[in-house]
Number of protein chains: 2
Amino acid sequence: MSKKIRIKDIAEMAQVSVGTVDRVIHNRGEVAEDSYRKIMAILEKTGYKPNLLARTLGSNKTFRIAALMPNPAQDEYWEQSAEGVKQAQDEWTQYGVEIHPYHFDLYNKESFASQAQTLLETPPDAVLTAPIFHQEALNFFRTCREQNIPFVVVNNTIEEGGSLSFIGHDLNQSGRLGAELLHLSNPQPGTYAILHVYDDVHNSLHLNEKEKGFKEYFAEQNGGGFKVISRDLNHTHEPSLEKELNDLLGDASLRGILVTTSKGAFIVSRLIEKKGKNGVRFVAYDLLKENLHYLENGIIDFLINQNSKRQAFIAISQLANHLLFKKDALPTYLFPLEIISRQNLKSYLNTGH
Amino acid sequence: MSKKIRIKDIAEMAQVSVGTVDRVIHNRGEVAEDSYRKIMAILEKTGYKPNLLARTLGSNKTFRIAALMPNPAQDEYWEQSAEGVKQAQDEWTQYGVEIHPYHFDLYNKESFASQAQTLLETPPDAVLTAPIFHQEALNFFRTCREQNIPFVVVNNTIEEGGSLSFIGHDLNQSGRLGAELLHLSNPQPGTYAILHVYDDVHNSLHLNEKEKGFKEYFAEQNGGGFKVISRDLNHTHEPSLEKELNDLLGDASLRGILVTTSKGAFIVSRLIEKKGKNGVRFVAYDLLKENLHYLENGIIDFLINQNSKRQAFIAISQLANHLLFKKDALPTYLFPLEIISRQNLKSYLNTGH
DNA sequence: CTGAAAGCGCTAACAC
DNA sequence: GTGTTAGCGCTTTCAG
């Protein structure tokens, strides 16, 4: 195990000065082909690792990261996300990283665009965002690329990349998992439903992936006898929504329901509570207060945790590592699909850590 | 927000030198009552926070952490744990933290004691261990306390503490979770079994907790009709073991089995594979190769992941933070109880992160 | 008791 | 192209 080896050591070995070594380490050019090779070789052989403390202390820089995220006041999911940003802030300020949050209205594309605009006026060194609005995100990313501002995205991908990294879940797999949980806990042939309950504005791409996974799972079960239905519902049309759900829950062949949106989970939970829970299994997403309540009292059987808090935290950390230490982020950072039940719930909560 | 304020600033304000300020910050004494007060006041008022980077860089110390753990070659679980130690090493060597592994024989108390002994000969600055052997661990901890060596434990607690931190799981809850998974996926009244398959040597305390949780869960299910049985089996007595298991699996009222040890999981898996899987549910622990195989082919229904790798990693990190940055560790750091199924397995594997 | 000064490992500006 | 050097903020030694 090579003991702490310093730039100075490398320099001596290569018979050059620390300045030169530093130049090749940072690819700053201005180095003779000859010395370059020599130094590189030694770097390799010795397995040199820079002392990051000294590095950040020495380069007395401070970095700005802008976080363009939905208004946390509008939605608990995004509130948790904001906590992740804050947590990252605590962790990274000591290294000279500033984090500047910009909030947009979750139901208003224009607000995304305008916040993106103002954010760019004092250009940050890097950007984190949740690209909820497709077209607007695309525009934003284009400018970022033009201005050479690295960015990472959380929550959902956008095909046309350019992002340093995507942090989130394999949504297809997520849909499969939902299917499996319903199926394993209620394996008789019958009907399994996947429900998307929207607001007026929504990004369906996100949810389509889950639906595909859900259907694939059942298609793959041999034996068959599984009917899969999917419903897209707009929760602003209260009456028709309620009717549709009542019909669904009334179906005697119904075995399980997966609801992909938090609004939807609340509505379906309340309905089931009113009608009384029968054998139908119910799986939903995320550790939101209302979901926890319905998990605890048995209305919801399992939750799949998407951990928006940690997504945000990791995203910032990737950016910080990129800026400070030139560590490059993984292009896609997929989270484990966490299954939450009544019995392991506590172990996921009260985590000071 | 007070901008970064340095020792030098404090010194100027107090009309003294940085040396004096440093002395009061570290309570090193040798400071006139007068200056002391003055400096303290300024420290308070300005809310001075030291730059930890500079701190650890400046005090050019190097710390030794000893990791007294089971021999990784004996067991895949502990192999993963060792990887966690190695990972922590990569992370912390750059900060001047050395990690020295000491391996003991998983089936031999004396080897624990003797390794503990040799470890103490070059006293480390801190210690990590898995207190598998009760009495021996107690002795070891006593010496650590006497010599003022902070230590953290993973895997299982030992009542009489003194440890900086315990990193692991709530074992009672873990047993409950096992029960729940069996129950939810096979809810008819009937028999549920919890099995401990030991080697000659074992620490039953550890598993007792799980068993208690398992039983409590079913006791709390209203409706009742659940019979819970538990078996302690010694896998060195092959024939009697096989007979006992066959009897168990032959019981038509059997609904589910939870096996608490890895050896046990393998044995039961093979047996079920031979007899053919019927409706009986089977839950085991940890992402070990053989378990993964049986999960994938449907013999095992769920795994509960104890993540020994991460336990070790976190443990070292707590120690390092304690030594380097004087951050104090949480007295108990409980991990989430991760449920692994066929559909979310992949999302827990191939994690470069 | 106190101040001055030499590091810690790395960066970056500036000569040559 | 390359070497030198002055920091970064803090610790620690050593005169006085």
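Numbered from 1 within each chain, the chains take letters A, B, ... in sequence-line order. Small disclaimer: the values here were computed from a predicted structure and weren't measured.
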Rounding to a whole Å, what distance do you find between A:K38:NZ and D:dT2:P?
-> 10 Å

Decide, yes or no, whether a salt bridge links A:D9 with A:K4 under the criterion of side-chain N to carboxylate O below 4.0 Å.
-> no

Would you give the length of the straight line joining atom CD1 of A:I5 to atom NZ of A:K49, rounded to the nearest 0.5 angstrom?
-> 13.0 Å

Rounded to whole Å, NZ of A:K49 lies from P of C:dG9 at a distance of 17 Å

Between C1' of C:dT11 and CZ of A:R6, the distance in whole Å | 16 Å

Tell me which nucleotide among C:dG3, D:dG9, D:dT4 gets nearest to the side chain of B:L57.
-> D:dG9

Can you figure out which of D:dC10, D:dT12, C:dG9 approaches the side chain of B:R28 most closely?
-> D:dT12

If you measure from CG on A:D22 to OG on A:S17, what distance do you get to the nearest 0.5 Å?
-> 9.5 Å

For the side chain of B:S35, starting at C-beta, report the closest nucleotide among D:dT2, D:dC10, C:dT2.
-> C:dT2

Five pairs at each end of the helix from C:dC1-D:dG16 to C:dC16-D:dG1: take the axis at both ends and give me the angle between them to 10°.
-> 50°

Is the shortest side-chain N/O distance from B:Y36 to OP1 or OP2 of C:dT2 below 4.0 Å?
-> no

Could you tell me the separation between the CD atom of A:Q115 and the CZ atom of A:F104, rounded to the nearest 0.5 Å?
-> 9.5 Å

State plainly whether the residues A:R37 and A:E33 are in salt-bridge range, i.e. N to O under 4.0 Å.
-> yes

Is the shortest side-chain N/O distance from B:Y95 to OP1 or OP2 of C:dG9 below 4.0 Å?
-> no

Is there a donor-acceptor pair closer than 3.5 Å between any side-chain N or O of B:S308 and the backbone N or O of B:Y77?
-> yes

Atom CG of A:L53 and atom C1' of C:dT11: how far apart are they, to the nearest Å?
-> 15 Å

Toward the 5' end of DNA chain D, which comes first, A:E30 or A:G58, by nearest nucleotide?
-> A:E30

Rounded distance (nearest 0.5 Å) linking atom CH2 of A:W92 with atom CD of A:E98 = 15.0 Å

Protein-nucleotide distance (A:N51, atom CG; D:dG9, atom P), rounded to Å | 16 Å

Among C:dC10, D:dT12, D:dC10, the one nearest B:K61 by side-chain distance = D:dT12

Short side-chain N/O contact from A:S17 to OP1 or OP2 of D:dG3, under 4.0 Å = yes

Among D:dG9, C:dG3, C:dA5, find the nucleotide with the atom closest to the side chain of B:T20.
-> C:dG3

Write down the distance between CG (A:D22) and P (D:dG1), rounded to a whole number of angstrom.
-> 18 Å

Quick one: B:I7 CD1 to C:dA4 C1', roughly how many Å, whole number?
-> 15 Å

Which comes earlier along DNA chain C counting from the 5' end, the contact point of B:N60 or that of B:E33, where each point is its nearest nucleotide?
-> B:E33

Considering just the side-chain nitrogens and oxygens of B:R55, establish if one lies under 4.0 Å of OP1 or OP2 belonging to D:dT11.
-> yes

Whole Å only: how far is the CG atom of B:L52 from the C1' atom of D:dT11?
-> 14 Å

Near A:E146 CD, under 6.0 Å, is it more than 12 heavy atoms from other residues, nucleotides or ligands?
-> yes

Among the nucleotides D:dG1, D:dC10, D:dC8, whichever has the atom closest to the side chain of A:A32 is D:dG1

